[in-house]
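First comes the structure, then the notes that go with it.
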Amino acid sequence: MIENLCSKKEPVKGLKPLEDAQPGKVIMRFAPNPNGPPTLGSTRGIVVNSEYVKMYNGKFIIRFDDTDPQTKRPMLEAYAWYLEDCEWLGAVPDQVVIASDRIPLYYKYARQLIEQGNAYVCFCSSEDFKKLKDASKPCPHRNTSPQDNLAHWEKMLAGEYEAKDAVLRLKTDIMHKDPAIRDYGIFRIVKQSHPRPEVDEKYFVWPLLDFEGAIEDHELGTTHIIRGKDLMDSEKRQKYIYKYLGWQYPKTLHWGRIKMHEFGKFSTSTLRRAIEEGEYSGWDDPRLPTLRAMRRRGILPQAIRKFMIDMGVGETDVSISMDTLYAENRKIVDPIANRYFFVWDPVELTINDAKPRTARPPLHPTENKGYRCINVGDRVLLCKDDVEQLTVGSRIRLKDLYNVEITSLAPLQAKYLGDEVANLKKERMKIIHWAPIDGIPVKVLSPEGEFKGIGEKQIATELDKVVQFERFGFCRIDSVGAEIVAYFTHK
RNA sequence: GCUCCGGUAGUGUAGUUCGGCCAAUCAUUCCGGCCUUUCGAGCCGAAGACUCGGGUUCAAAUCCCGACCGGAGCACCA
């Protein structure tokens, strides 16, 4: 009873239940065109689809919709990138399908539709057809007999027509009130080789998305489709195919556009060009919204999953800030990241009367993870930013070392003031971090540019881990050598 | 031009299906305070929204109509 009263108010966490979802029977797919690496945008499709499949103990399929060798030409490496990134995200597919391997299957159904009189080969120019279509008028080829259409189709397949000479259209309803639905094209001629060597120049006739997707969704047994709002019309179009073939259409869900504040509009093709021109270092340049870049920067897959799942499936277009993703990541990373000193734009400070000693700052302020050891003589390095705040007489605390008082600015010198930590606040002493003069050079690559400086030698033990450079931010240690390269994660 | 979809705080999101329990959820952001040998974390507090106008109703964020705003489709792209 009491539970009843309280339950109504409880907010539903996670994804909402799927309509008509039978546990164990749900089949969903993520269908990218591998014409570039996965980005944060694609990630939504990977995470949400795979999460639903997990919820219902179903089957998750990745299907490469790579049926355009020309305009949105697939990139050979990207097939593997998608699989890698899916695995990283904890969304290992139960099945992988490549559309360009299954062209004969599409031909089979095309033939069936032609024989039924539900598809016809159209020789209109696209402009002419559009005019007729917009006026709800059938084109002259609409009434061609199935026999003749079949003959034309065979010629298409044999390469006897050139690109743009002919297309195969589905007969829908030329009077349909929505012009987007009327007799749309399902196959066109593209005489260009496919990037996959297995396919290469095998085909002259390629299916268009609505056809390829419709056939595959049925063949794969897809029960639920989640796709962008921009493909809402696809459902209306594809239902004609399903009707003609006597199939049952999957349940659909749509989401709006997702845009990240920090990344303006970008398309895979413009990014690709910018990379080729050297504007970016590669697809994992920390300034890019690709998953590879996120991974390199130390954004953890769990954070991305949570971020995407919390966003849910809404038809509203969303424009979201990376801060939210960073907040999720910080929650995960903060308790496990070891702390280190990294001094950018270093300036040397000499403590005239200092005795050598070994500083032992904790690896973590709250977790009991041990200490790091830094040997200090009579000189340390400070950040230029901090030094600029100093005047002769400034008293500062060198974090986890000792207190000093500035005695000279140029050269920068100080005198030892004691180890006492109790009165720092009372004396309003600023606590600043430092680095040993024999530290290791560190370069940090961040979306805002590069930071160069010196860090503790022990950072070299953290390869591939996310650490926190105190008073700087979290970073992933990318490579270790004479110089350490780190990728900035977030504050 | 034709067609479709959406509009809850700065940003996401819950609630909209089957009107009342919504003076509206949660998170993030921002601000204030506490704590802390990091400008991190933690703790406490505060601010902040139903696009507008009509209608139906005892009662509307929720239903209807209109306007406005935003997005999308009408490709031989995906």
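These numbers come from the heavy atoms of this one structure, side chains and all, not from hydrogens, waters or symmetry mates. Proteins get letters first, then strands, A, B, ... in listed order; numbering begins at 1 in each. Note that the structure is predicted; figures quoted are calculated from it, not measured.
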- Item | Pair partner, G12(B) [Watson-Crick or wobble, under 3.5 Å] |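 Answer to the pairing question: C26(B), which forms a Watson-Crick or G-U pair with G12(B).
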
Please measure how far the [atom1] atom in [N] lies from the corresponding atom in [M], and state the result in whole Å.
| N | M | atom1 | result |
| --- | --- | --- | --- |
| G70(B) | C64(B) | C1' | 23 Å |
| G12(B) | A41(B) | P | 23 Å |
| G1(B) | C21(B) | P | 42 Å |
| C65(B) | A9(B) | P | 24 Å |
| G45(B) | G6(B) | C1' | 36 Å |
| U29(B) | G20(B) | P | 33 Å |
| A75(B) | A67(B) | P | 27 Å |
| U17(B) | C68(B) | C1' | 27 Å |

- Please say which of Lys491(A), Lys399(A), Arg339(A) ends up in a salt bridge (Lys or Arg N to Asp or Glu O under 4.0 Å) with Glu470(A).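 Checked Lys491(A), Lys399(A), Arg339(A) against Glu470(A); only one passes salt bridge (Lys or Arg N to Asp or Glu O under 4.0 Å): Lys399(A).
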
For [X], answer base if it contacts any base atom (sugar-phosphate contacts may also be present), sugar-phosphate if it contacts only those atoms, and nothing otherwise; contact means non-hydrogen atoms under 4.0 Å.
| X | result |
| --- | --- |
| Leu231(A) | base |
| Val421(A) | base |
| Asp386(A) | base |
| Ser319(A) | sugar-phosphate |
| Phe474(A) | sugar-phosphate |
| Cys124(A) | base |

What's the [atom1]-[atom2] distance between [X] and [N], to the nearest Å?
| X | N | atom1 | atom2 | result |
| --- | --- | --- | --- | --- |
| Arg169(A) | C74(B) | CZ | P | 12 Å |
| His254(A) | G73(B) | NE2 | P | 13 Å |
| Glu328(A) | U11(B) | CD | P | 19 Å |
| Asp323(A) | G10(B) | CG | C1' | 11 Å |
| Glu367(A) | G40(B) | CD | P | 18 Å |
| Leu424(A) | U38(B) | CG | C1' | 13 Å |

- Query: Pick one: which of Trp153(A), Trp206(A), Tyr106(A) meets ring pair (Phe, Tyr, Trp, His ring centres under 6.0 Å) with Phe187(A)?
  - Reply: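 Result for ring pair (Phe, Tyr, Trp, His ring centres under 6.0 Å) with Phe187(A): Trp153(A).
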
- Message: In this structure, is the centre-to-centre distance between the rings of Tyr52(A) and Phe60(A) below 6.0 Å?
- Response: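 No, the ring centres sit 6.0 Å or more apart.
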
- Is the His141(A)-Phe123(A) ring centre distance short of 6.0 angstrom?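 Judged by ring-centre distance (under 6.0 Å), His141(A) and Phe123(A) do meet the cut-off.
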
Considering just the side-chain nitrogens and oxygens of [X], establish if one lies under 4.0 Å of OP1 or OP2 belonging to [N].
| X | N | result |
| --- | --- | --- |
| Thr324(A) | U29(B) | no |
| Arg339(A) | A41(B) | no |
| Lys16(A) | G15(B) | yes |
| Lys133(A) | A75(B) | yes |

- Arg357(A) NZ/CZ over Tyr402(A) ring centroid, <6.0 Å and within 45° of normal: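 No, cation not above the ring by the 6.0 Å, 45° rule.
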
Salt bridge present between [X] and [Y] (N-O < 4.0 angstrom):
| X | Y | value |
| --- | --- | --- |
| Glu216(A) | Arg63(A) | no |
| Asp210(A) | Lys239(A) | no |
| Lys202(A) | Asp101(A) | no |
| Arg237(A) | Asp233(A) | no |
| Arg372(A) | Glu462(A) | no |

- Query: Asn403(A) pairs by side chain to side chain donor-acceptor pair (under 3.5 Å) with which of Lys415(A), Arg397(A), Glu420(A)?
  - Reply: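 Testing Asn403(A) for a side chain to side chain donor-acceptor pair (under 3.5 Å) against Lys415(A), Arg397(A), Glu420(A) leaves exactly one candidate, Arg397(A).
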
- Tell me which nucleotide among A27(B), A78(B), C77(B) gets nearest to the side chain of Leu209(A).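 So the side chain of Leu209(A) is nearest to A78(B).
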
- Give the nucleotide from the list A41(B), U38(B), G71(B) with an atom nearest to the side chain of Arg257(A).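 Within the option list, the nearest is G71(B).
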
- Message: One character per nucleotide, please: for nucleotides 2-8 of chain B, 5' to 3', B when the base has a protein heavy atom closer than 4.0 Å, S when only the sugar-phosphate does, - otherwise.
- Response: BSSBSS-

Enumerate the protein-to-nucleotides 34-36 of chain B contacts in which both atoms are nitrogen or oxygen and the separation is below 3.5 Å.
unit_1 : atom_1 : unit_2    : atom_2 : d
U36(B) : OP2    : Lys425(A) : NZ     : 3.1

